[in-house]
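For ligands, and for the atoms within them, numbers begin at 1 and follow the listed sequence. Residue numbers count from 1 along this sequence.
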Amino acid sequence: MRIAVCPGSFDPVTKGHLDIIQRGAKIFDKVIVAVLVNRNKSPLFSIEERVELLREVTSHLPNVEVDSFQGLLIDYLKEKKAQAIIKGLRAVSDFEYEMQMASINRLLEEEIETFFMMTNNQYSFLSSSIVKEVAKYEADVSSLVPPLVEKALKKKYAEINLIK
Ligand code: PNS
C-alpha cells in the first residue's frame, strides 16, 4: 500500500491545501494529512480545531485521514509506514525552503521521497496567513477557503473582538 503524508500547519486549511490533498489522494492509496503541533507558533486555531476542520472538508475523500504529529516528520512517516511526503509548490519563493526541507528529510531517511505538486494557478498566491489577514478585517474569503472554514474564521474573529 502506497501511503503519503501531507504535512503542514493548516491554520486554517485553504482551498489551495484541499486541491493538493485531493490530487494526492488520486495518486496514493492513502494520504494522511498531518497537522504539526508546533509550540513555538501561536496559531489562530487550536490543534483540535484544525484537525476537525480538515476532517470535515476531506470527508468526501475515503482514502484521506487526518492526524496531528509532534517531532520530526520523518519519524512520523516511519511510525505510519508511509513512503512519501506530498507538498504543494506555489511560486519560486517556496522553492528554496522546500528544497532545504526535502534535502534534510532525505539525509535523515533516504528511503522517503518528497513529491511536489504545482499548485493550481488560481491558488498560487494563497496562504493561511493571507486568509487570516483578509478575514480579520471581515472581508470576503469565500473564494479562498471552504464554506465551513469561512464560518469558523468569522466565529473566531467575533470571539477575539469580544475579548478586546
Ligand atoms: O505549513 P507549514 O508550516 O509550512 O509546514 C511545515 C512543516 C510542518 C511541513 C515542517 O515544519 C515540518 O515538517 N516540521 C516537522 C519537524 C521536521 O521534521 N523538520 C524538518 C527537519 S529539521
Return a yes/no value: protein heavy atom under 4.0 Å from [atom]?
atom: atom 20 (C) of ligand 1; result: yes
atom: atom 7 (C) of ligand 1; result: no
atom: atom 1 (O) of ligand 1; result: yes

Are [X] and [Y] ion-paired here, with the side-chain N under 4.0 Å from a carboxylate O?
X: E65; Y: R55; result: no
X: D67; Y: K80; result: yes
X: R23; Y: D19; result: yes

(message) So for ligand 1, is L73 a polar contact partner (N or O within less than 3.5 Å, distance only)?
(response)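 Such a contact does occur with ligand 1.
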(message) Would S9 count as being in polar contact with ligand 1, using the rule that some N or O on each side must be under 3.5 angstrom apart?
(response)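 It does: an N or O of S9 is found under 3.5 Å from an N or O of ligand 1.
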What atoms of ligand 1 come closer than 4.0 angstrom to any heavy atom of [X]?
X: K87; result: 9 (C)
X: L36; result: 8 (C), 11 (O), 14 (N), 15 (C)
X: M101; result: 20 (C)
X: G71; result: 15 (C), 16 (C)
X: I104; result: 21 (C)

(request) Can you sort out the partners of Y97 under side-chain contact (heavy atoms from CB on, under 4.5 Å), two or more places apart, ordered by chain and number? (result)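 For Y97 the side-chain contact (heavy atoms from CB on, under 4.5 Å) partners, ignoring immediate neighbours, are Q100, M101.
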(request) Heavy atoms only: give me the nearest S142-E150 pair and the separation to one decimal. (result)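 That would be CB-OE1, 3.6 Å.
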(message) With a heavy-atom distance limit of 4.0 Å, tell me whether L72 approaches ligand 1 through its side chain, its backbone, both, or neither.
(response)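 Both of them.
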Is the backbone of [Y] close enough, under 3.5 Å, to the side chain of [X] for a donor and an acceptor to pair up by distance?
X: T14; Y: L144; value: no
X: N63; Y: A25; value: yes
X: D11; Y: L44; value: yes

(request) Find out whether Y157 and Y137 are in side-chain contact, i.e. whether some heavy atom of one side chain is under 4.5 Å from a heavy atom of the other. (result)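 Side-chain contact under 4.5 Å: no.
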(request) Can you pull out the closest protein heavy atom to atom 10 (C) of ligand 1? Residue, atom name and distance to 0.1 Å, please. (result)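 I find the closest protein heavy atom is Y97 OH, 4.3 Å.
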(request) If you have a sec, work out which protein heavy atom is nearest atom 5 (O) of ligand 1 and how many Å separate them, to one decimal? (result)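 Minimum-distance protein heavy atom for atom 5 (O) of ligand 1 reads G8 CA, 3.5 Å.
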